[in-house]
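These notes concern the structure reproduced below.
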Protein chains: 2
Amino acid sequence: MHWGVHTWKGSSGLSTALPRRGIPDATVARLPDYLRVLTAMSARGIPSTSSEQLAAAVGVRSAKVRKDLSHLGNHGVRGVGYDVANLSMKIAAELGQAREWPVVIVGMGNLGRALAAYGGLASRGLRVIGLFDHDDAIAGQRVAGLPIRPMADLDSVARDADVIGVIATPGPSAKEAADALVAAGVTSILNFAPGSLAVPDEVELRKVDLATELQILAVHKQQRYAEVSRDVPLAGVAP
Amino acid sequence: MHWGVHTWKGSSGLSTALPRRGIPDATVARLPDYLRVLTAMSARGIPSTSSEQLAAAVGVRSAKVRKDLSHLGNHGVRGVGYDVANLSMKIAAELGQAREWPVVIVGMGNLGRALAAYGGLASRGLRVIGLFDHDDAIAGQRVAGLPIRPMADLDSVARDADVIGVIATPGPSAKEAADALVAAGVTSILNFAPGSLAVPDEVELRKVDLATELQILAVHKQQRYAEVSRDVPLAGVAP
DNA sequence: TAGATTGTTAATCGATTAACAATC
DNA sequence: TAGATTGTTAATCGATTAACAATC
């Protein structure tokens, strides 16, 4: 078995060179936003909408909305707009809600508990079916209606269920969590712990670092200061 | 005052057309990874390293490491590599650790508590100085050594302190939190709540959705199935 | 000098955007 | 038909990558 630290991306990594189907990740990331807005419109009895309205509600440009939706096929009507109900169904289908995806969370600290209780999952066809922690002392505690289970139970829950695994442990425990998930046959893993993990090539591993965006904000803030101070100092000096 | 839902990006939005200084966001996002590896090397007494070694440790290609580091200036030595201590300092400086950035968190549910306790912040020059929740009943509780304060205290803590604001509330409370932050003069906000927020143009608002990457994993999983089933069905049929 | 490794170039790729022809 | 809005095109931008000249 060949192992690497690289993330499985797109359709590369599979045997045959495939015809590059698949919606861009950037579009996939926005689809839930559109769906949320459409659902709200539907609840208010609004039958149809336009790319301009969707764009305004989500906070992007209308051209991006049209480009995004065009990846789902052509469901709009020129001069008219999009049917709210129809478009909602199309997005929901694309987001995998045709099939509900089971999720297990490893690591039941604050972050794991936050994820288990996160409302945004169910609306995206993601169902949390198992919570695990290597501290057997907290096994049995209930979080969001599910019991925390010992790691020993992971294999029986994940095996054959084709789950997505989420690592929400502190950094040092992440490797243990990843190994346990891989050993249980999990092939899709999302890692919230800092640091990089090695998984077999056939496992898709993605990583979210809660501090990254905060970091970027801090650097931009610093740059704003640097820019202002570079603008000012020569004032008064000969041009 | 002009309001919009758009995010402040890069140096656009400021008065003058600036000479496009600033390290790419994608690079900024990776700098903490390099720093973490360098710190570990330093602790083990390793004096110098190479782009290949850093790349292997972080899980990227060496060309990317060299490109990233070149944005910091030329601190490597051809034929030799990078000095661990020197490079660590350069990265730390760039990450804003010359100045420590104060952070306030609004919303002290599980996610807010997870962020308050998140070890990755301090190592990046981010210091949590205030925790807030609109439920006054939990005011006074201590999380990670800090007391939870009522929203009424936000202005006195944030005003003039030039803080970065983090919204960790449930979706419906996010607007209230954003308005309070803006009213207190905060100009950098990270939103973990679902939905979009409107802020004045001079405020940089970034958003993290915990479910987005999970969503992408689910869609990729679905695509893998679709690909496999498209590969199989014609087997046995004339070529 | 010979070997090693950087810093940079140029090709490529994916995402964004404005503009507009197509078409209801 | 006139007006509205989509779907697509082409330009642009930022990020990735391989390759290699520069240089220790």
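Proteins come first, then strands; the chains are lettered A, B, ... in the order of their sequence lines, and each starts at number 1. Nothing here was measured: the structure is a model prediction, and the numbers come from that model.
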Rounded to whole Å, how long is the line connecting atom [atom1] of [X] with atom [atom2] of [N]?
X       : N      : atom1 : atom2 : answer
A:Leu69 : C:dT17 : CG    : P     : 15 Å
B:Lys67 : D:dA18 : NZ    : C1'   : 12 Å
A:Leu87 : D:dT5  : CG    : P     : 16 Å
B:Lys64 : D:dT17 : NZ    : P     : 4 Å
B:Asn74 : D:dC24 : CG    : C1'   : 14 Å
A:His75 : D:dG7  : NE2   : C1'   : 12 Å
B:His71 : C:dT9  : NE2   : P     : 12 Å
A:Asp83 : C:dC24 : CG    : C1'   : 15 Å

N/O to N/O distances under 3.5 Å, protein versus nucleotides 19-22 of chain C:
{"residue": "C:dA19", "atom": "N6", "partner": "A:Arg66", "partner atom": "NH2", "Å": "3.4"}
{"residue": "C:dA22", "atom": "N3", "partner": "A:Arg78", "partner atom": "NE", "Å": "2.9"}

(message) Let's see if you can work this out: which of C:dT5, C:dT9, D:dC24 has an atom nearest to the side-chain heavy atoms of B:Ser50?
(response)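 Selected nucleotide (nearest to the side chain): C:dT5.
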Using modelled atom types only, decide if a donor and an acceptor are shared between the side chain of [X] and the backbone of [Y] within a distance under 3.5 Å.
X        : Y        : value
A:Gln215 : B:Leu126 : no
B:Lys207 : B:Ala193 : yes
B:Glu94  : A:Val219 : no
A:Thr49  : A:Val84  : no
A:Ser42  : A:Leu38  : no

(request) Report yes or no: do A:Arg66 and A:Ser70 form a side-chain donor-acceptor pair below 3.5 Å? (result)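 Not at all, the side chains of A:Arg66 and A:Ser70 share no donor-acceptor pair under 3.5 Å.
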Contact under 4.0 Å: [X] side-chain N or O vs [N] OP1/OP2:
X       : N      : result
B:Arg30 : D:dT16 : yes
B:Arg61 : D:dT16 : no
B:Tyr82 : D:dC24 : no
A:Ser51 : D:dT6  : yes

(message) Let me confirm one number: the CD1-CZ distance from A:Ile216 to B:Arg206, rounded to the nearest 0.5 Å.
(response)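 So the CD1 of A:Ile216 and the CZ of B:Arg206 are separated by 4.5 Å.
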(message) Salt bridge check, B:Arg124 against A:Asp209: does any charged N sit closer than 4.0 Å to a carboxylate O?
(response)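 Judged by the 4.0 Å cut-off on N to carboxylate O distance, A:Asp209 and B:Arg124 do form a salt bridge.
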(message) Between A:Lys175 and A:Asp179, does any side-chain N to carboxylate O distance fall below 4.0 Å?
(response)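 Counted as a salt bridge, because a side-chain N and a carboxylate O are separated by less than 4.0 Å.
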(message) Under 4.0 Å, heavy atom to any atom of DNA chain D: which of residues 36-43 of chain A qualify?
(response)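 Going residue by residue through residues 36-43 of chain A, none turns out to have a heavy atom under 4.0 Å of DNA chain D.
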(message) Contact between B:Leu115 and B:Phe192 at the side-chain level, heavy atoms closer than 4.5 Å - yes or no?
(response)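 B:Leu115 reaches B:Phe192 side chain to side chain.
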(request) State, with a plain yes or no, whether a side-chain heavy atom of B:Ser188 is found less than 4.5 Å away from one of A:His220. (result)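 Not touching, per the 4.5 Å side-chain cut-off.
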(request) Please say whether more than 12 non-hydrogen atoms of neighbouring residues, nucleotides or ligands are located less than 6.0 Å from NZ in B:Lys221. (result)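 Buried by this count: over 12 neighbours within 6.0 Å.
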(message) Both atom distances under 3.5 Å, Watson-Crick or G-U wobble: I'd like the secondary structure of DNA chain D as a dot-bracket string, with | for pairs made across strands.
(response) ..||||||||||||||||||||||
